[in-house]
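I have placed the structure first, in the form of structure tokens, so that the comments after it can refer back to it.
Scope of the values below: all heavy atoms of this structure, side chains included, with no hydrogens, waters or symmetry mates. All values derive from a computational prediction rather than experimental measurement.
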Amino acid sequence: MEGLDLQHRLGSSRLVRLLQEWAQVDGESARQDVAERLSHWLSAFDAVKLDGALQTIESYPSQTKLRGQAVDASAVAQLVNQVKAELTVLITAKVTPPHTPLPSTPRTLLHTLEEDDARAESKYAPHYQRYQSLQKQMENAVGALRVQVRQMLSKGSPALRQLVALDAVMEQMLGAREQKLWTSVPVYLERRLEHWRQHHQQTVATQAGEDDPIRWRQAGGWIAAFQRDMRDMMLAELHQRLQPILGLMEAAQNAGNELNKNSEHSESSESQ
């Protein structure tokens, strides 16, 4: 059941939908479903260990009579949104060309440098390096955020403390598999680069026009199109990485709403 649930959540994710669209465009629709392949990384965890952890977590309310403190759900949301915004800025930042010519650079040399930059970006290596760098920054920022959010919820109600403990267990058990999964994602990016390269070459051959490398990186060029896809892919990955944290944030908001509702009900009863 857990494996099916993970497959369902992966199948409905923005990242998997994007990869499936790319596969269909490239004529790969006959291959094994992307969500099914990705879910295999997450379905083979130790059920016995998980069951023991769940039993311990379920006993939390009986182990303590502490009702817990009210969690500042707005502070949790503010922290989550801040980290998300900072990572989004990094992902959507304009790629700086390797060469940064001075204003006094001769036009002929400037043209040569722009061509060199375009040819360099037509290769997969620089894009892969950038993706790896951004993945590392996402991993560090999201990991630290998840710990912070759990700490903020750990002083809350028994139900919130149960959720915090469950999230910590799931992160520990699935972390290594998820990390291996994330390292496999750029493979799809390399295929996408080749897709746009071939599409460009076919267009040039059909129109019998001049192939100017400088136009590759301009609006409407094939490298510009690939960079847009890469940005969409990284944003989708960020969204997927944030899912457990967004679940914790939603739980804090629901707990706050329930606390306010009970408080209003109590005041109403006292006034009567």
Side-chain angles (χ1 to χ4, degrees), residues 5-6 8-22 34-35 38-39 41-42 70-96 127-156 160 163-186 188-189 192 226-257:
D5 178 61
L6 287 167
H8 171 74
R9 286 189 283 119
L10 280 168
S12 62
S13 78
R14 186 187 307 174
L15 176 63
V16 170
R17 290 199 304 271
L18 183 63
L19 296 181
Q20 287 177 326
E21 289 175 6
W22 291 359
V34 173
L38 297 185
S39 68
W41 293 103
L42 304 176
V71 175
D72 189 346
S74 62
V76 174
Q78 183 178 1
L79 178 62
V80 172
N81 291 331
Q82 178 183 346
V83 173
K84 180 181 179 181
E86 290 172 352
L87 289 172
T88 300
V89 168
L90 288 175
I91 291 171
T92 57
K94 186 177 180 180
V95 179
T96 304
H127 302 290
Y128 179 63
Q129 291 171 0
R130 181 167 186 263
Y131 203 105
Q132 278 192 315
S133 175
L134 286 167
Q135 275 193 321
K136 191 62 178 178
Q137 293 179 76
M138 280 194 286
E139 178 186 350
N140 292 337
V142 172
L145 175 63
R146 193 170 181 177
V147 172
Q148 284 182 281
V149 172
R150 283 204 299 257
Q151 289 175 344
M152 297 173 77
L153 270 61
S154 64
K155 297 179 181 180
L160 285 179
L163 182 60
V164 165
L166 177 61
D167 183 71
V169 169
M170 296 303 291
E171 182 181 23
Q172 180 182 11
M173 297 188 70
L174 301 180
R177 294 182 178 89
E178 288 180 345
Q179 183 57 35
K180 195 170 184 178
L181 169 64
W182 293 129
T183 59
S184 70
V185 169
Y188 295 91
L189 196 65
R192 195 60 176 174
F226 167 74
Q227 289 176 338
R228 183 181 62 248
D229 283 348
M230 180 173 168
R231 179 202 64 203
D232 291 344
M233 187 173 179
M234 287 188 288
L235 289 173
E237 179 174 331
L238 173 61
H239 178 79
Q240 189 68 29
R241 285 178 181 268
L242 287 172
Q243 284 304 300
I245 301 173
L246 294 177
L248 293 173
M249 183 181 74
E250 183 179 353
Q253 292 170 339
N254 292 339
N257 294 337

Within this structure, what is the [atom1]-[atom2] distance for the pair [X] and [Y], rounded to the nearest 0.5 Å?
X      : Y      : atom1 : atom2 : answer
Met138 : Thr88  : CE    : OG1   : 10.0 Å
Arg192 : Arg228 : CZ    : CZ    : 9.0 Å
Lys180 : Glu178 : NZ    : CD    : 14.0 Å
Asn140 : Leu145 : CG    : CG    : 12.5 Å
Leu238 : Leu134 : CG    : CG    : 10.0 Å
Met234 : Asp229 : CE    : CG    : 11.0 Å

Grab the two heavy atoms, one from [X] and one from [Y], that are nearest each other, plus how far apart they are.
X      : Y      : result
Arg150 : Asp167 : NH1-OD2, 2.7 Å
Leu87  : Gln137 : CD2-O, 4.0 Å
Arg241 : Gln135 : NH2-O, 4.1 Å
Ala252 : Leu160 : N-CD2, 4.2 Å
Tyr131 : Leu189 : CD1-CD2, 3.5 Å
Val185 : Glu237 : CG1-OE1, 4.2 Å

Any chance the side chains of Glu86 and Gln82 put a donor and an acceptor closer than 3.5 Å?
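Gln82 and Glu86 do have a side-chain donor-acceptor pair below 3.5 Å.
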For a 4.5 angstrom cut-off between non-hydrogen side-chain atoms, does [X] reach [Y]?
X      : Y      : answer
Val71  : Lys155 : no
Leu242 : Val83  : no
Pro244 : Arg146 : yes

Testing Val142, Leu248, Val149 for side-chain contact (heavy atoms from CB on, under 4.5 Å) with Val80, which one passes?
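Output: one option passes, namely Val149.
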Taking the side chain from Ser133 and the backbone from Arg130, do they hold a donor-acceptor pair closer than 3.5 Å?
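Checking the backbone N and O of Arg130 against the side chain of Ser133, no donor-acceptor pair under 3.5 Å is found.
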Would the number of heavy atoms belonging to other residues, nucleotides or ligands and lying under 6.0 Å from CD of Gln179 be above 12?
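For Gln179, atom CD is crowded (more than 12 foreign heavy atoms under 6.0 Å).
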side-chain contact (heavy atoms from CB on, under 4.5 Å) for Tyr188 and Met233? Distances and angles first, verdict last.
CA-CA 10 Å; Tyr188 295 91; Met233 187 173 179; 4.1 Å; yes
